[in-house]
Amino acid sequence: MTFTLTPEREKQADDLLGRYPTKRAACIPLLHLCQEQNGWVSDEVIEYVANRLSLPTSQVKGVVTFYTMFHQKPVAPNVVWVCRTLMCEVRGAKVIQEHLEKKFGCHVGETSQDGKFTLLKAECLAACGQAPMLQLNGEFHENLTTDAVDKVIDAAAAETPAQAVTKAVSGHG
Amino acid sequence: MAEPTRMFTDRYGLKDSHTLAVAEQAGAYAQARRVMTTMTPDAIKAEVKAANIRGRGGAGFPAGMKWGFLPPKSEKPVYLVINADEGEPGTFKDRTIMELDPHRLLEGCMMAMFAIGAHVTYIYVRCELVTSIKRLEQGIRDLRAKGYLGARPFGVNHPLEIHVHPGAGAYICGEETALLNSLEGMRGEPRLKPPFPAVAGAFGMPTIVNNVETIASVPDILKMGGAAWSNLSRLPNDGGTRLYGLSGHVKKPGIWEAPVGLTLREMIYDFGGGPLDEKRPIKGVIPGGSSTPILRPSDVVNAPDDKHPMFKWHGKSHLDVPMGVDTMRGLGTMLGTNCATVLDSSVNMVEAARNLMRFYHHESCGQCTPCREGTGWLAEVCDRLCEGKGTVADVDLLVDISNNMMGNTICALADGTAMPMLAFVRKYREEFLDAAKNGVRGRLDAAVAASLTGASGLSGRTL
Ligand SMILES: Cc1cc2nc3c(=O)[nH]c(=O)nc-3n(C[C@H](O)[C@H](O)[C@H](O)COP(=O)(O)O)c2cc1C
Ligand code: SF4
Ligand code: FES
């Protein structure tokens, strides 16, 4: 199946291309735009970006594999990054990570039993003064306690529709 | 007692400080307007030079001098690129600028572009900083709508445009040439220098790459005049005020503004409220991000010769030396990003080193063998020591590997890994030898783990 952007995002893509003297420079922002729509960067997405920018697919693939923020396989509707780097670890990042692993019934790098959350480890996210911290769907949550973690995760779980859950789980299969 | 300054940060506390309306009401764009309508580019550059501003991104290079490396009368387009990749562990200052006062950075970009003859700025922001990106993009849209960006900003015939370019999660893209490759849509692999970006940078064109805080300081520099701004500092040749960050085992971690040249002790005690727990003394301080070698409070400056640049601080603790680019070098470390991390007596330094070596191993781009292999070996040997599978010879192996990494690579990531590793081993050798015999028990969060379960938490200080 080929991948296409929604008409609205297609306009955003045009705008992105207009920002640079070369087409290629739009590669990373365009990949972000596609991932925002598709949830992850599939082979079809790579094909689409390569065509749009007149690049060989191998070059786009080389970019995708270099950067950690491009998901190369499907992820759950909610993505949780827990910072593991020293400034967070000395202020309790592992306590937070272990709490999440127990809560989700999965290890770091995996998706929760209910299919709603993918748990990932991040390197320093520029919030060291508010450690320990996690990022949930792009939003920072800082100065965490296990209670605070429960609050943000439970709220996100409640907002995640059951349908999306099934889709993400089957996507993993 | 040292008090924080409120000049660069004077809009941080305002409600909706990130909006154009609030920022402009509080003074934003007055300098850009004045400077662009009444001053020549050369006159602006002279003020920045007189300000003695050292780059805020880590290397501490004088910004005025860097701007002078651009070819005079370039036929080619000149670019300004802002390094907003903020990924150095321990560093969280640029995010505060972009979230709380994005217009200070945008105004600085306009003034800098006018001064160096550029018409386009790319702000390379790491994509994880979602709020920073949103606020900068909103700011740029508002500036276009007002005509401050576009064909004739303030009626001046010098078109200006600013774009935000998101990264995609790679620490190495903070290195300026890796950043340029990433901006051009490629893998973030550093380029061999020379040519330097000022000669052949973004898209092969002359380019100035500066840190967020460096460029956001330009409005204040022009407002006060370069010399007066420089004199705010407590140190020579290292001007102004700057952001200080503090993380780790202190009561109140956070970000403050103060003159260049505060001591680590002043920051830790006067701003940070002292050690998290009085019963656990400070064991080490990483002065400016994880790539800067750790300092011990018990070490004193040894410079008895009155011609020695560090003579003034002879006999003083390393924590009582003013923080400056040159003074920190004098202590065998680096000022880096001016964001320090306090580690107290609960921390096992082998375990701390292991955490950081894993980071560098994960982030090495893999182009240079000494870096790709060296970071991996360092992480592996630290693992071995922590797990009780090491030997005494492993301690010296850490030193050997580090020595072989230095000076042999395309970029400074390898040195930035090896130097802190060497400092850990040299300053806490007993602990490494002990790990070689007994492994490491306990955890790095021993001091805080109990206080995180439930609702109590630590005394985190938000901005
Ligand atoms: C591995 C590595 C990572 C770096 N990361 C950053 C960064 O995140 N932000 C930054 O401003 N400079 C970073 N730098 C320094 C830049 O290469 C460059 O010196 C800086 O952007 C220049 O700006 P300045 O002169 O205003 O400090 C890094 C350097 C290295 C070697
Ligand atoms: S030193 Fe390391 S990070 Fe830098 S270019 Fe070489 S391999 Fe890449
Ligand atoms: S170490 Fe976790 S945010 Fe910096």
Side-chain angles (χ1 to χ4, degrees), chain A residues 16 19-32 53 55 59-60 62-70 81 83-96 99 122-133 135 137-140 142-149 151, chain B residues 77 86-92 94-95 126-131 163 165-171 182-189 203 245-249 253-255 290 339 341 343 347 352 355-356 359 362-363 365 443-445 447-449 451-458 460-462:
Chain A
L16 286 175
R19 295 181 181 185
Y20 309 97
T22 66
K23 274 196 198 178
R24 182 185 199 158
C27 188
I28 288 173
L30 188 57
L31 281 164
H32 278 302
L53 304 180
L55 294 171
Q59 268 180 28
V60 180
V63 169
V64 171
T65 52
F66 188 83
Y67 299 96
T68 55
M69 293 303 285
F70 295 130
W81 293 93
C83 175
R84 65 154 290 276
T85 317
L86 185 64
M87 296 74 204
C88 278
E89 192 178 348
V90 298
R91 282 183 81 99
K94 257 196 189 154
V95 175
I96 303 303
H99 184 70
E123 298 292 355
C124 181
L125 283 168
C128 328
Q130 295 84 34
M133 65 83 66
Q135 191 177 27
N137 302 331
E139 213 159 297
F140 280 40
E142 303 170 338
N143 297 314
L144 294 172
T145 62
T146 53
D147 278 14
V149 170
K151 236 189 189 152
Chain B
E86 190 151 76
E88 172 79 4
T91 309
F92 53 107
D94 296 336
R95 184 164 76 94
R126 64 184 292 195
C127 68
E128 295 92 326
L129 304 185
V130 176
T131 305
H163 300 293
H165 183 95
Y171 164 69
S182 185
L183 172 66
E184 291 181 29
M186 294 181 276
R187 295 162 71 88
E189 286 163 347
F203 309 103
L246 191 58
S247 62
H249 292 131
I255 292 277
S290 63
C339 289
T341 303
L343 301 177
V347 171
N355 180 297
L356 293 179
F359 168 81
H362 184 256
E363 302 299 336
C365 86
R443 293 170 35 144
L444 277 176
D445 56 7
V448 302
S451 66
L452 291 185
T453 316
S456 59
L458 298 164
R461 173 183 177 279
T462 31

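Note: hydrogens, waters and symmetry copies are ignored here, and every other heavy atom, side chains too, is used. Numbered from 1 within each chain, the chains take letters A, B, ... in sequence-line order.
Shortest non-hydrogen contact noted between A:Ala126 and B:Leu129 is CB-CD2, 4.4 Å. In terms of heavy atoms, A:Cys128 sits closest to B:Ser247 at O-CB, 3.5 Å. Across every non-hydrogen atom of A:Pro132 and B:Leu452, the tightest pair is CG-CD1, 4.0 Å. Across all non-hydrogen atoms, the minimal contact from A:Ala127 to B:Arg95 is CB-NH2, 3.5 Å. Smallest separation of non-hydrogen atoms from B:Ala168 and A:Phe70: CB-CE1, 3.5 Å. The shortest non-hydrogen separation linking A:Arg24 to B:Glu184 is CG-O, 3.4 Å.
Within the 4.5 Å cutoff, the side chain of A:Met133 has no heavy atoms near those of the B:Phe92 side chain. In this structure, the side chains of A:Glu89 and B:Arg443 stay at 4.5 Å or more apart for every pair of heavy atoms. When side chains are defined from C-beta on, B:Val130 does not count as touching A:Phe140, because their heavy atoms never get closer than 4.5 Å.
If you measure heavy-atom distances from B:Glu88 to chain A, the contacts under 4.5 Å come from the backbone alone. Heavy atoms of B:Glu86 lying under 4.5 Å from chain A belong to its backbone as well as its side chain. Heavy atoms closer than 4.5 Å to chain A are found in the side chain of B:Thr341, but not in its backbone. With a 4.5 angstrom heavy-atom cutoff, B:Phe359 touches chain A via backbone and side-chain atoms both. The contact between B:Leu246 and chain A is made entirely by backbone atoms, counting heavy-atom distances below 4.5 Å. Proximity to chain A (any heavy atom under 4.5 Å) is shown, for B:Arg187, by both the backbone and the side chain. With a threshold of 4.5 angstrom between heavy atoms, A:Gln135 approaches chain B through side-chain atoms but not through N, CA, C or O.
For the options A:Leu55, A:Val64, A:Leu30, A:Val95, heavy-atom pairs under 4.5 Å to chain B are most numerous at A:Val95. For the set A:Gly138, A:Pro29, A:Cys27, A:Cys124, the count of heavy-atom pairs under 4.5 angstrom toward chain B peaks at A:Cys124. Between chain A and the options B:Ser182, B:Ala170, B:Ala447, the largest number of non-hydrogen pairs under 4.5 Å is found for B:Ser182. Note: A:Leu86 leads A:Leu86, A:Ile96, A:Ile28 in heavy-atom pairs under 4.5 Å with chain B. The candidate with the highest count of non-hydrogen atom pairs below 4.5 Å against chain A, out of B:Gly87, B:Pro77, B:Cys127, is B:Cys127.
Between the A:Arg84 side chain and the B:Asn355 main chain, a donor and an acceptor come within less than 3.5 Å of each other.
Annotation: the span from A:Thr85 atom OG1 to B:His362 atom NE2 amounts to 9.5 Å, rounded to 0.5 Å. Atoms NE2 and CG, on B:His163 and A:Leu16 in that order, are 10.0 Å from each other to the nearest 0.5 Å.
The aromatic rings of B:His165 and A:Tyr20 sit perpendicular to each other, their planes meeting at more than 60°, with 30° as the lower class boundary.
Evaluated for a side chain to side chain contact (heavy atoms under 4.5 Å, CB included) with B:Pro253, the options A:Met87, A:Arg91, A:Gln130 yield exactly one hit, A:Arg91.
Under the 4.0 Å criterion applied to side-chain N and carboxylate O atoms, A:Glu123 and B:Arg126 are not assigned as salt-bridge partners.
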